[in-house]
Colleague: 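The structure is given below, and queries will be raised subsequently.
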Amino acid sequence: MHRKVLSALLASAAAAVSGVAMAQSLTLTPADTLERQGLTVIADQNQFSPIFFDEKNAGIQIVLHGNRIATDGAVRLDKTPEQWAPVPAFVSRTRGTEPNQLVVRSTYKDVKLDYTVKVTAEGDGFRIAVDLDRPLPAALVGKAGFNLDFLPSAYFGKTYLMDAAPGLFPRHPTGPMAKDGSGDPLPLTSGGKSVTLAPEDPMTRVTITSDQGPLTLYDARARAQNGWFVVRSMIAEGAKENAIVWHVRPNVIKDWVRAPVVSFNQAGYTPNRPKVALIELDPHFKAPAEAELVRLTADGREEPVLRARTLPRGHWTRYDYAAFDFSSVRTPGIYAIRYAGVTTNPFRIAPDAYARIWQTSLDTFLAEQMDHVGIREQYRVWSAPSHLDDARQAPPNITHFDGYKMGANLDSPFKAGEHIPGLAVGGFQDAGDYDIQTPENAMVVRDLVWARELFGLDWDETSVDEAARAVEIRKPDGVEDSLQQIRHGALQLLAQYKVFGHAIVGIVDPTLRQYAHLGDAGSQTDGLTYDPSLKPAERKNGASGAQDDRWAFTTDLPANNLMVAAGLAGASRALAQSDPAMAAEALHAAEALWAKQQQGVIKAGDGRDDSTSPRSAQRQRHRHGRAADHQQGRQGLCGPSARAAAGNT
């Protein structure tokens, strides 16, 4: 009898242990992610960008305790990849033959490297196995490895263990760097079979154990500012199946739930408008059925104003949602929302809640992005006068690393590499970059015109002196900023029309090193026109031998012409009183560009490449949205741009 009882107890204990193990294991979801409470593993739900390559949102990714701590798990050809380092092309993702397994096929077509990554739930973590279709080509031996990038801000000041050897994650990249002139970082640590990140922190602790080959840890920020901490294993020569095998064990706090996130308009609300806060909820969180609006008093008290039930809004991807409607509260004041024992940051209810919320876009962002001028803001110098050496004719039949393309026909009177006079004026540089994208410049002008006409944009906080190429932020000059910005944008659009008789695609840096420049736009080039007769470091008579002048991509595209026509037509209205001469010039150019397209000057099948706009098709799908092919242009004929142009011709 004693043995039977003991057997029963052992069986119960085994079942309990089995149940715990199952509860802690990752499970494959209908969305093809591996999930357990507190942990999500994503396998190539996002692919590497075809333009910007390494955007830190592709490959295998780990979401631990609600935060994405790791990304870009893939075979890479660089120890510390930069933004334009080679990336694998996604082929397919399927469910594997093992339980809770995802299988991803990827390829580097140019170097004949095809491989499979299997991500399989294993114990309380997961296993990564890389199988090559064939052993590495000789050229990739010593280059190809498996990388997983970890978010630097999640590990600042925390420690790591490579086997038993301790280290500290630096807050700032400090090397060490290779002494061979490559600019490559050396490892923070290497040679171990196991690495543990943040052993002291249960929220971010991850252990990786390698079966094949040692692990190496890099600080990729030493190579590029957008780098992360990289854990890497090299693929051995001759390896094929199980070329890389990692066992990844993120620490997961038992029964962890993400705190609710209450989203509301942080600018505030006007009294009579609807006021609805959206509450994002972990599905495991026992959500209170009510939320409360409180008014903040002068003595710091939170005075209850409204308590109401939340309204379910369903489930989307990872979270449940509920709404808290407090539209009935109209009394001006400072308020906050209290939910699940937590009070949000405050916001206003006031008739002027939205007054001037656009201001920084107009008098700081747009001012800082102005090209061909120097920009100062009190003690800060944003840039010296920039790109005064614009521009050189881009060569034919090239695809630029930033997505610009040039077909066989330059649509330009200038030869490849030749300086194009008249373009070093006006225009806005792309956000975060230093190129002028003509369609976006036309949109800026058009939108500023609409803002003036619809809302009376009469703000003046910036001084603009085009003749002196000088801009000062926070220094009114008696002229409305919107008029000055419209004029600045129109100057570049008109310059293109005067030189070419049509809009061009844009003006962009010729080299990747220049393009990756961060800081003063005025120091990106020397401001001196390129003279091929001079040596690279030689300067003479306003010219230099440095080939740093930006390239002009000059393809004549219907959609760009229509956008510029709309922008210039709008500018003619806005500038009619303050600058009637320029207004007349802008209207004339708009009419000519409009007539050019109506007459079908660019005929189908003439050999021109209508996909040659910068980043247009890809960026429309991926990030900003571009319009520069025939179809987009035809769609634009029905939109506001065409109406604006047509209404002024």
Side-chain angles (χ1 to χ4, degrees), residues 38-41 54-57 59-74 76 78-83 85 124-126 128 145-234 244-254 256 258 518:
L39 173 64
T40 298
V41 180
D54 192 345
E55 293 184 314
K56 304 297 182 222
N57 66 349
I60 296 172
Q61 304 187 72
I62 301 174
V63 180
L64 181 61
H65 300 127
N67 293 316
R68 189 174 65 112
I69 62 161
T71 190
D72 280 11
R76 302 300 299 273
D78 300 86
K79 302 170 184 176
T80 55
E82 298 179 76
Q83 185 170 343
D124 56 355
F126 59 100
I128 298 173
F146 188 84
N147 290 18
L148 185 59
D149 296 3
F150 286 84
L151 179 66
S153 60
Y155 292 94
F156 285 159
K158 297 176 184 177
T159 64
Y160 57 81
L161 289 169
M162 180 65 78
D163 290 342
L168 181 71
F169 284 108
R171 182 171 292 273
H172 304 285
T174 55
M177 305 298 292
K179 306 303 188 287
D180 58 4
S182 65
D184 290 332
L186 295 174
L188 294 176
T189 185
S190 63
K193 298 290 286 186
S194 178
V195 63
T196 298
L197 287 64
E200 73 276 23
D201 181 15
M203 291 290 289
T204 58
R205 182 166 65 245
V206 179
T207 298
I208 299 173
T209 304
S210 173
D211 287 354
Q212 274 79 18
L215 294 163
T216 305
L217 177 64
Y218 293 95
D219 185 352
R221 298 173 303 158
R223 178 70 186 182
Q225 278 87 342
N226 65 339
W228 290 25
F229 295 124
V230 179
V231 178
R232 177 174 170 87
S233 282
M234 298 298 294
I244 297 289
V245 176
W246 281 4
H247 307 275
V248 185
R249 296 293 181 269
N251 179 71
V252 182
I253 297 172
K254 181 176 171 54
W256 179 88
R258 180 173 179 261
L518 295 175

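Just so it is clear, the model here is predicted, and its values are computed rather than measured.
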Colleague: Start with the C-alpha distance between His65 and Val252, add both sets of side-chain angles, then the distance that settles side chain to side chain contact (heavy atoms under 4.5 Å, CB included), and finish with yes or no.
Modeller: CA-CA 7 Å; His65 300 127; Val252 182; 4.3 Å; yes
Colleague: Any non-hydrogen side-chain atom of Ile60 less than 4.5 Å from a side-chain atom of Trp246?
Modeller: no
Colleague: For the residue pair Thr71 and Trp228, confirm or rule out a side-chain donor-acceptor distance under 3.5 Å.
Modeller: no
Colleague: For residues Lys158 and Thr204, report the shortest heavy-atom separation together with the two atoms involved.
Modeller: NZ-OG1, 3.2 Å
Colleague: Hey, could you give me the CZ/NZ distance between Arg232 and Lys79, rounded to the nearest 0.5 Å?
Modeller: 7.5 Å
Colleague: Please give me the minimum heavy-atom distance between Pro170 and Asp219, naming the atom from each residue.
Modeller: CG-OD2, 3.6 Å
Colleague: Would a 4.5 Å heavy-atom cut-off, applied to side chains only, mark Ile69 and Tyr155 as touching?
Modeller: yes
Colleague: Are side-chain heavy atoms of Ile62 and Phe126 found at a separation under 4.5 Å?
Modeller: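 When only atoms from C-beta onward are counted, Phe126 and Ile62 do touch, with a gap below 4.5 Å.
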Colleague: Are any non-hydrogen side-chain atoms of Leu215 and Ser210 less than 4.5 angstrom apart?
Modeller: yes
Colleague: Identify which one of Thr80, Leu217, Thr216 satisfies the side-chain contact (heavy atoms from CB on, under 4.5 Å) criterion when paired with Pro187.
Modeller: Thr216
Colleague: For Lys56, does its backbone N or O pair with a side-chain atom of Asn226 as donor and acceptor, under 3.5 Å?
Modeller: no
Colleague: State whether Asp184 and Arg223 are salt-bridged, where the test is any N-O pair (Lys NZ or Arg NE/NH1/NH2 against Asp/Glu carboxylate O) under 4.0 Å.
Modeller: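 Yes, Asp184 and Arg223 are salt-bridged.
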Colleague: Return the CG to CG distance between Leu64 and Asn251, rounded to the nearest 0.5 Å.
Modeller: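 If we round to the nearest 0.5 Å, Leu64:CG and Asn251:CG are 7.5 Å apart.
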Colleague: Just wondering, do Lys193 and Asp163 contact through their side chains at under 4.5 Å, heavy atoms?
Modeller: yes
Colleague: Keeping the roles fixed (side chain from Gln61, backbone from Arg68), state whether a donor-acceptor pair exists under 3.5 Å.
Modeller: no
Colleague: Scan side-chain atoms only and decide if Gln212 and Ser233 contain a donor-acceptor pair under the 3.5 Å cut-off.
Modeller: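 The answer is no; no qualifying pair exists.
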Colleague: Please round to the nearest 0.5 Å and tell me the distance separating atom OG1 of Thr189 and atom OH of Tyr218.
Modeller: 11.0 Å
Colleague: Would you name the heavy atoms of Leu168 and Gly157 that are closest together and state the gap between them?
Modeller: CD1-O, 3.3 Å
Colleague: Got Ile253 and Met203 here, is their nearest side-chain heavy-atom distance under 4.5 Å?
Modeller: yes
Colleague: In Å and rounded to the nearest 0.5 Å, what is the CG to CG distance from Leu151 to Asn67?
Modeller: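 It is 8.5 Å, given to the nearest 0.5 Å.
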Colleague: Exactly one of Thr209, Thr196, Asp124 should register a side chain to side chain donor-acceptor pair (under 3.5 Å) with Arg249. Which one does?
Modeller: Asp124
Colleague: If you take the centroid of each ring, where Trp contributes its six-membered ring, are Phe229 and Phe169 closer together than 6.0 Å?
Modeller: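 Close enough - the centres of the two rings lie under 6.0 Å apart.
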Colleague: Indicate yes or no: at least one non-hydrogen side-chain atom of Val230 is less than 4.5 angstrom from one of Arg76.
Modeller: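 With C-beta onward as the side chain, the pair stays apart.
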Colleague: Measuring from atom NE2 of His247 to atom OG of Ser194, what distance do you get when rounded to the nearest 0.5 angstrom?
Modeller: 10.5 Å
Colleague: In Å, rounded to the nearest 0.5 Å, how long is the span from CD1 of Ile128 to CD1 of Ile208?
Modeller: 7.0 Å
Colleague: State, to 0.1 Å, how close Gly125 and Pro250 come at their nearest heavy-atom pair, and which atoms those are.
Modeller: CA-CD, 4.3 Å
Colleague: Check whether any side-chain heavy atom of Val248 lies under 4.5 Å from a side-chain heavy atom of Val206, and answer yes or no.
Modeller: yes
Colleague: Over all heavy atoms of both residues, which pair between Arg221 and His172 is shortest? Give the atoms and the distance, please.
Modeller: NH2-C, 3.7 Å
Colleague: How close do Pro152 and Gly227 get, heavy atom to heavy atom, and via which atoms?
Modeller: CG-O, 3.7 Å
